[in-house]
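Below is one structure, written out as structure tokens; comments come after it.
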Amino acid sequence: MSGIRFTDEFKRDAVAQVVDRGYSVSEVSERLGISTKSLYTWKAQFSQPRKRIFETTEQAAEIWRLKKELARVSEERDILKKATAYFARDAK
């Protein structure tokens, strides 16, 4: 079943069968035709409290913004280094 993409709703329903209704992971995965690994992954992903999921998403956005800013600052630093070397060479 490799390459099949499942919706978040399907994943949440599968997790709910394990968490809320008490079915075993192997039973649900066999019934739905998915791997137990996928179901364990979805369980870890969707059984987190809503606040925690929001914080994780917020942190990912902040990390992305900081990486972008770091790349810009690093580029500016490299340009200044090259300019300093260029003008130092001309001064001699």
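The minimum heavy-atom distance between Leu39 and Ala14, with the atom names listed, is CD1-CB, 3.7 Å. Residues Ser26 and Thr36 approach most closely at CA-CG2, 4.0 Å, considering heavy atoms.
Scanning for side-chain hydrogen bond (donor to acceptor under 3.5 Å, both in side chains) contacts around Gln59 gives an empty result, with sequence neighbours left out. Under the rule for a side chain to side chain contact (heavy atoms under 4.5 Å, CB included), the partners of Phe10 that lie at least two apart in sequence or sit in another chain are Phe6, Thr7, Leu32, Ile34, Trp42. Leu70 is linked by a side chain to side chain contact (heavy atoms under 4.5 Å, CB included) to Ser74, counting only residues two or more places apart in sequence or in another chain. Scored by the side chain to side chain contact (heavy atoms under 4.5 Å, CB included) test, Lys37 finds Ser35, Thr41 as partners (sequence neighbours excluded).
Separation of atoms CD (Gln17) and OH (Tyr23) is listed at 7.0 Å; rounding is to 0.5 Å. Separating the CZ atom in Phe46 from the CG atom in Asp13 is a distance of 10.5 Å, to the nearest 0.5 Å.
Residue pairs meeting the salt bridge (Lys or Arg N to Asp or Glu O under 4.0 Å) criterion with at least one member in residues 19-31, sequence neighbours excluded, do not occur. Within the structure, the salt bridge (Lys or Arg N to Asp or Glu O under 4.0 Å) test picks out the following pairs touching residues 72-83 (sequence neighbours left out): Arg72-Glu76.
With respect to the salt-bridge test (charged N to carboxylate O, under 4.0 angstrom), the residues Arg65 and Glu62 qualify.
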